[in-house]
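Structure record follows, encoded as structure tokens.
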Amino acid sequence: MKKLINDPADVVAESLRGFAAAHADLVRVNADPAYVVRADAPVSGKVGILSGGGSGHEPMHGGFVGRGMLDVACPGEVFTSPTPDQMLEATKAVDGGAGVLHIVKNYTGDILNFEMAADLAREEGIEVEAVITNDDVAVQDSLYTAGRRGVGVTVLAEKIVGAAAEEGKDLAAVAELCRRVNAEGRTMGMALTSCTVPAAGKPTFELGESEMEIGIGIHGEPGRERVPLASAKEIVERLAGPVIDDLPFASGDRVLAFVNGMGGTPQIELYLVYNELKQLLDGRGITIERNLVGSYITSLEMAGCSITLLRLDDELIRLWDAPVLTAGLRWGA
Amino acid sequence: MKKLINDPADVVAESLRGFAAAHADLVRVNADPAYVVRADAPVSGKVGILSGGGSGHEPMHGGFVGRGMLDVACPGEVFTSPTPDQMLEATKAVDGGAGVLHIVKNYTGDILNFEMAADLAREEGIEVEAVITNDDVAVQDSLYTAGRRGVGVTVLAEKIVGAAAEEGKDLAAVAELCRRVNAEGRTMGMALTSCTVPAAGKPTFELGESEMEIGIGIHGEPGRERVPLASAKEIVERLAGPVIDDLPFASGDRVLAFVNGMGGTPQIELYLVYNELKQLLDGRGITIERNLVGSYITSLEMAGCSITLLRLDDELIRLWDAPVLTAGLRWGA
Amino acid sequence: MSDGAITVEEVVAWLRDFAAVMAQEKDALTALDAAIGDGDHGINMDRGMRAVMERVDAATPADVPALMKTVGMALISKVGGAAGPLYGTLFLQFGSAAGPDGLTPDGWAACLAAGVAGVRARGKAELEDKTMVDALQPAADAVGAALGEGASFADALARGADAAEEGARATIPLVARKGRASYLGERSAGHQDPGATSSAHLVRCAARTWAA
Amino acid sequence: MSDGAITVEEVVAWLRDFAAVMAQEKDALTALDAAIGDGDHGINMDRGMRAVMERVDAATPADVPALMKTVGMALISKVGGAAGPLYGTLFLQFGSAAGPDGLTPDGWAACLAAGVAGVRARGKAELEDKTMVDALQPAADAVGAALGEGASFADALARGADAAEEGARATIPLVARKGRASYLGERSAGHQDPGATSSAHLVRCAARTWAA
Ligand SMILES: Nc1ncnc2c1ncn2[C@@H]1O[C@H](COP(=O)(O)OP(=O)(O)O)[C@@H](O)[C@H]1O
Ligand SMILES: Nc1ncnc2c1ncn2[C@@H]1O[C@H](COP(=O)(O)OP(=O)(O)O)[C@@H](O)[C@H]1O
Ligand SMILES: [Mg+2]
Ligand SMILES: [Mg+2]
Ligand SMILES: [Mg+2]
Ligand SMILES: [Mg+2]
């Protein structure tokens, strides 16, 4: 295992310590239970926005804590949901009296832990709403399964919902907006290489030199199918096609196009993918109104990418453009 | 070779096309000769700041074009210096009458091509100054050799010098500032894995599962020595030690600490490295006044990191903090 | 041991054995999870059971309900993921069902059944969804049935452990409908479920603890 | 061919042969550069010589100076890196030295010497710095000396090519003092310099063009 780490057991804690030191102007980091909270939390009268999940997806979620986005993030162990007591403390830390929104990616572990946390918080008199993101079209949706994974749309939802909360919208409105963003967005991802969970010490899966995985999630899990390596153009077709067909996105739609790197993919490739995506969307009459290209929701050092499309309207554009001041996303501030 | 690309010969051009489409609000991209230029260039009366070098180091340099940093960047082929005619066109595109500064990393190829370009530009009546960055302490400095490579300090110099140019400083002052930043900064890097030049199709070097290269540059070249894999703590000592001793940085110094990822290293590791660096500097009485943690000067998908320290004074801090609005670095705007 | 009252010490011994097995099987469980999940189940269970034993060894609760509350809360606050709340609930419900007045083999069987019901309520998994339920439910059923047929506690637990292991093995051909493995769709078939495997270990540890 | 005037067509044939060799040796040169540089020398030279032949084939300049200016400018604008300006300068200076009035073998030798001097002026490399100079300078010296001793052009070029190849091989033990390889310090020893190798090919191609 080739990583810049010390003891695998300490990766999350030591990395958080570095993050805290690097961004002391934006956040405070509580070590135990672990959470990353806005330096000025709780903001009185503002809905608190909490998200969390396993570590290894950086900058998500700690890198999105700050003005205009998250109030607090709960990092779990690598690829492992954080725990209810941790979420409870984080919820308390950002309750400014207007309640707290939990943004939860749809994984059994996350759901179960967040459910427990919300129960505990409500017992302590804090109003909590939970919204589940489940935008991964690689997974068949069904009432009888765990449903779709929450992936790329989570980042976009956190930005947009964070802006709405900053404007003073109330908990119900913010939760409703979050559901709407989730409903309007779809994602699909692929991997060129596996990643290695530090505590496991070896790659989660093995991929041949001329193979790739299509339909992966963000936890180093294998995808829906293993296929021969293809050109960026074909890969974009394989990802964007199902994304477009699922919502479906139609000619005339205005979208935010998000090309996300999985952690080990250099920018030169991500922009090349964006170039292919732009051509494909142009051909379908879909207009890219906003874009995001970079590694924002990652799987450790995995090489690969995901493509997320979010259908926009004027309100979503305005909220996307609103100032954001976090370690991972920053504009207008 | 596992990359998100089409034909290896088209990587740079296609990626630039994607970059142009994604950041049309900030830059224009000229295809042939290739350069990335501020959307509002030339800015009349402002010194133009040009940098350039091989591609594969993204976001450097194209990602640093915009208000408060570079006016124009010339991307060469992957790891290959751009050419004089390209630099000449780029120089002309940003000459607002106050002359143009060429920021050149110290590589024979870059130096030779930039020398030719400066000659050509001067023949056309444009005032040009060139400053060479050469901050890599892994390389022995000597009059009789090609000297030290320009690496991490280049990013910091481009930001600081860009701010000074934005303030209206003249060409001589801006060049002088750039030399000062270069003189006050030192860098050393290491690799966990090699990278693969698309046109070559295979890794530039092979590293065993428990080996690393210390003292690498940014072109996938082997480093000064191959040693057994070590902990992040030891790696930071091996990088920061020589950096500190070389300037030397002394107790009481205020510095900008820059932990840079080589392209394939996830953020969780970079912040862990920053944590180690902070402790080491604390122990030496060196104060981190500013920091930058992320992948800013990369070698394609190489895993590894470099550590740069820049000694700060109040003026450098003010210029570092000044607004910058580029695809790769953005604050205060 | 006899078929009489079950002591806190015995329950602790069971947990200690389970913790040891989780440490030992850590890589194997993680490998199972790598095939159809995210490769952390062994790591999660080992981390959780270490935390459990630390807390239990620091101050062993006086009765089984208190003990199991400590165990459940330790798992919930230290494991995360799906296994944390699910195993946490298993032990919490086990403890709630135990009551303060000592535990008989029948009581133990009822506690396990309550724990399994808790897991099912929390995770909403049915049999054959390819989860820990596929090991736990047959085990609880087998232990109850054996005691009903007059088997000794040791024999009943042995039959429970057999049933759990068979249930775990039977997850191999199944297509997962719950948990992370469900994201793989058809590709989840052909691999044994990691949670069912750890659950089978849990029951086997009980059989070993109360054997002979 | 005779030892008489050298034609533009012959020079083009030389360049075409060099372009073919660069295409063929692309991977080998790149592998040499990967060992002590950045692994692009073969790619650079191939890209450059393709561009050269495209321009030359589109409109072959009438005389050697014009031809070599086209070649040098094509390399400078298409290669980048160290090789672009250095090979560009080599051909530009070769062309400047040629003059418009046709080229004799002695003239050719003088042009090569001028080209090599240009390379040295631009790159500031001395002999034994482990660069293309280590192939080019011995070649230019050998061709000049051979012609001075009355050798035929073909023989002189063959001796030049031998000297260039020997010079390239002699770079193996050297520690680089110029170019990227110098960053490796002692580790650069033990590998043949890629630029010296491509330069030796250039001279060998000349020997082949004007042989017999
Ligand atoms: N809804 C569920 N009900 C019961 N058990 C489940 C459910 N979802 C997952 N599991 C069990 O959890 C196990 C995975 O646990 P673990 O790997 O520790 O958590 P995670 O999936 O969050 O990484 C699965 O093998 C399965 O047995
Ligand atoms: N200062 C110099 N003088 C002469 N030749 C040089 C000099 N620096 C480098 N070279 C030659 O250039 C070759 C490398 O060329 P190439 O790989 O194409 O460029 P780069 O080093 O920019 O990647 C070296 O092998 C060496 O022969
Ligand atoms: Mg997990
Ligand atoms: Mg090069
Ligand atoms: Mg798991
Ligand atoms: Mg090279």
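Excluded from the calculations below are hydrogen atoms, water molecules and symmetry mates; all remaining heavy atoms, backbone and side chain alike, are included.
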remark   = Ranking B:G223, B:G201, B:G53, B:S194 by heavy-atom pairs under 4.5 Å to chain D gives rank one to B:G223
remark   = Per-residue tally against chain D (heavy atom, under 4.5 Å) across B:R226, B:K202, B:Q86 peaks at B:R226
Short side-chain donor-acceptor distance under 3.5 Å, B:T83 and B:D85 = yes
ask   = Is it the side chain or the backbone of D:I76 that comes within 4.5 Å of chain B heavy atoms, both, or neither?
value = both
Chain D contact via B:E206 - which portion, at a heavy-atom distance below 4.5 Å = neither
query = Does any heavy atom of chain B fall under 4.5 Å from the side chain of D:T30, the backbone, both, or neither of them?
reply = side chain
ask   = Between B:H61 (side chain) and B:A73 (backbone), is there a donor-acceptor pair under 3.5 Å?
value = no
remark   = Greatest number of non-hydrogen atom pairs under 4.5 angstrom with chain B, of D:K178, D:R180, D:K26, falls to D:R180
ask   = Relative to chain B, which segment of D:R122 carries a heavy atom at a distance below 4.5 Å: side chain, backbone, both, or neither?
value = both
ask   = Given side chains that start at C-beta, do those of D:D33 and D:D40 come closer than 4.5 Å, heavy atoms only?
value = yes
request  = Answer with side chain, backbone, both or neither: which region of D:A35 has an atom nearer than 4.5 Å to a non-hydrogen atom of chain B?
outcome  = backbone
query = Heavy-atom distance under 4.5 Å to chain D: side chain of B:E115, backbone, both or neither?
reply = side chain
task = Decide whether D:S199 and D:Y87 meet the rule of one side-chain donor and one side-chain acceptor closer than 3.5 Å.
result = yes
inquiry  = Report which part of D:T89 has an atom under 4.5 Å of a heavy atom belonging to chain B: side chain, backbone, both, or neither.
reply    = side chain
request  = Give, as side chain, backbone, both or neither, the part of B:E77 having an atom under 4.5 angstrom from any heavy atom of chain D.
outcome  = side chain
inquiry  = Please identify, among B:T108, B:L112, B:V197, the residue contributing the most non-hydrogen atom pairs under 4.5 Å to chain D.
reply    = B:L112
key: Residue, of D:G179, D:G88, D:P85, D:A82, that accumulates the most heavy atom pairs under 4.5 Å with chain B   = D:P85
key: Any B:L50 side-chain heavy atom under 4.5 Å of B:I103 side chain   = no
task = Decide yes or no on ring pair (Phe, Tyr, Trp, His ring centres under 6.0 Å) for B:H57 and B:F79, but give the supporting numbers first.
result = CA-CA 8 Å; B:H57 307 302; B:F79 294 168; 5.2 Å; yes
note = Cut-off 4.5 Å, heavy atoms of chain D, and the answer for B:N113 is both
key: Short side-chain to backbone donor-acceptor contact, B:T80 and B:G54, under 3.5 Å   = no
task = Side-chain contact test, heavy atoms from C-beta onward, threshold under 4.5 Å: evaluate it for B:P198 versus B:V78 and give yes or no.
result = yes
message = Over 60° means perpendicular and under 30° means parallel, so tell me whether D:F153 and D:W210 are parallel, tilted or perpendicular.
response = tilted
